[in-house]
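Every number for a ligand or one of its atoms is a count from 1 in the order of the listing.
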Amino acid sequence: PRFNSFGDSHYGEDESSRNARKVADHYSARSNQTLEEREASPIIHLKKLNNWIKSVLIQLYARAGDAVLDLACGKGGDLIKWDKARIGYYVGIDIAEGSIKDCRTRYNGDADLQQRRKKFSFPARLICADCYDARLDQYLDDDAPFDICSCQFALHYSWSNEARARQALANISALLRPGGTFIGTMPDANVIIKKLREAEGLEFGNSVYWVSFDEDYRDKKFPSSRPFGIKYKFHLEDAVDCPEWIVPFHVFKALAEEYDLELVMTKNFHEFVNEYLGKPEFTELMRRLGALGDGKQDHGTLSKDEWDVAYLYLAYVLRKRGQPPTE
Ligand code: SAM
């Protein structure tokens, strides 16, 4: 695996680069938690629910032997999920150096901690780079095309302006094979805007999160002529504290189509849970993860405030146009 580090000099002085740096610095600074710290988190059940949703998506769409591109892979929290799906190859990319380091440790095992764990069964490359930049393909010439591209809780960081949003989708489209699958999760813009309009001021939230828009959005109107760069601040206890951007879903869908990516499904997390929790294989997975208590084990359960946060997100699946190559 290679470790490509972008020095500050790679970032222009324009606003979107400064924003990308802010996001990267925020995630870089969040180092790996110990198991005890993780279990003590006020949003531990939400984290488990998020992991369950990502696992279901992976189990539904990944096939044994697949080449996987994990955009904004973070600390590699999904490596084990991909291993269970018996994929053949993995490339993980993230803009935050600290996260890629943690991801590398997770993949290789930590010699200092004498971590003993089964090695992952697939080879992997981990790269530190901006996924929404035109230079992404420089790193991936020999790896593409991929069967699956995954972008978990991260595509909205590309929506700071139209050029970056387009570049994100252009990169994904160019790196997927015809018939390849693009899966992901991101904030549900409809829910966020609805909650903003219901709020008295420009902020809303509960004991574990808050969302705050600035004065530019006093009238709470979002003209369809300006669907990029709609910034808000998001704070999620023990997880996120940085600028994010609204991704109006119809714009995402239309833009993706321009890049030959067709929408297969989208579901708000509440709907997702209602739909898949009843399926035996996924009920069992939820029981093992312990996000929703079943009364039999001492996992506790998601609080109402955590469940409200889940409502802020959606999952999506798109397919790259064209016929898959015949075997
Ligand atoms: N996908 C991981 C997961 O599900 O655990 C991490 C999700 S975390 C909420 C968002 C990630 O997006 C962070 O690791 C952050 O560094 C990454 N990110 C944000 N902007 C990025 C960009 N322009 N290029 C690559 N990664 C980016």
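The protein atom (non-hydrogen) at minimum distance from atom 5 (O) of ligand 1 is K54 NZ, 3.3 Å. What sits closest to atom 17 (C) of ligand 1 on the protein, heavy atoms only, is D94 OD2, 3.3 Å. Atom 12 (O) of ligand 1 has A72 CB, 3.4 Å as its closest protein atom, hydrogens excluded (heavy atom only).
A side-chain donor from one of D83 and S121 sits under 3.5 Å from a side-chain acceptor of the other. When only modelled atom types and interatomic distance are considered, N51 and K81 share a side-chain donor-acceptor pair under 3.5 Å. For the residue pair S173 / D260, no side-chain donor-acceptor distance below 3.5 Å is found, with atom types taken as modelled. No side-chain donor-acceptor contact under 3.5 Å links Y139 and R125. One side chain, T185 or Q152, offers a donor N or O that lies under 3.5 Å from an acceptor on the other.
Contact atoms of ligand 1 toward D130: 22 (C), 23 (N), 24 (N) (distance under 4.0 Å to a heavy atom of the residue). When each atom of ligand 1 is checked for a heavy atom of A96 under 4.0 Å away, the hits are 16 (O). Near F153, the atoms of ligand 1 lying under 4.0 angstrom from a non-hydrogen atom of the residue are 4 (O), 9 (C), 10 (C). Residue R164 has at least one heavy-atom neighbour below 4.0 Å for each of these atoms of ligand 1: 23 (N). Taking a cut-off of under 4.0 Å to the non-hydrogen atoms of A154, the atoms of ligand 1 that pass are 12 (O). For ligand 1, the atoms sitting less than 4.0 Å from at least one non-hydrogen atom of G74 are 6 (C), 14 (O), numbered in the order shown with element in parentheses. Atoms of ligand 1 lying under 4.0 Å from at least one heavy atom of Q152, given by number and element, are 1 (N), 2 (C), 4 (O), 7 (C). The atoms of ligand 1 that sit less than 4.0 Å from any heavy atom of C131 are 22 (C), 24 (N), 25 (C).
Only backbone heavy atoms of C73 (N, CA, C or O) come within less than 4.0 Å of ligand 1; its side chain stays farther off. The backbone of A129, and not its side chain, has at least one atom closer than 4.0 Å to an atom of ligand 1 (non-hydrogen atoms only; backbone = N, CA, C, O).
Taking the charged nitrogens against the carboxylate oxygens, K220 and E198 have no contact shorter than 4.0 Å, which rules out a salt bridge. Note on R164 versus D130: salt bridge recorded, some NZ/NE/NH1/NH2 to OD/OE distance being below 4.0 Å.
Aromatic ring centres of F120 and Y90: separated by at least 6.0 Å.
The main-chain N or O of W245 is never found under 3.5 Å from a side-chain atom of K231 such that the two would form a donor-acceptor pair. The backbone N or O of L155 sits less than 3.5 Å from a side-chain atom of S158, completing a donor-acceptor pair.
Taking only nitrogen or oxygen atoms, main chain and side chain alike, I95 reaches within less than 3.5 Å of ligand 1. Between L71 and ligand 1, no N or O atom pair is found at a separation short of 3.5 Å. Between D70 and ligand 1, not a single N/O pair is under 3.5 Å apart.
The shortest heavy-atom distance from S158 to ligand 1 is not under 4.0 Å.
Scanning Y27, Y132, Y157, F234 for the heavy atom closest to atom 9 (C) of ligand 1 points to Y27.
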Is there a ring-ring contact (aromatic ring centres under 6.0 Å, His included) between F252 and Y316? Walk through the geometry before answering. CA-CA 11 Å; F252 168 63; Y316 57 81; 5.0 Å; yes
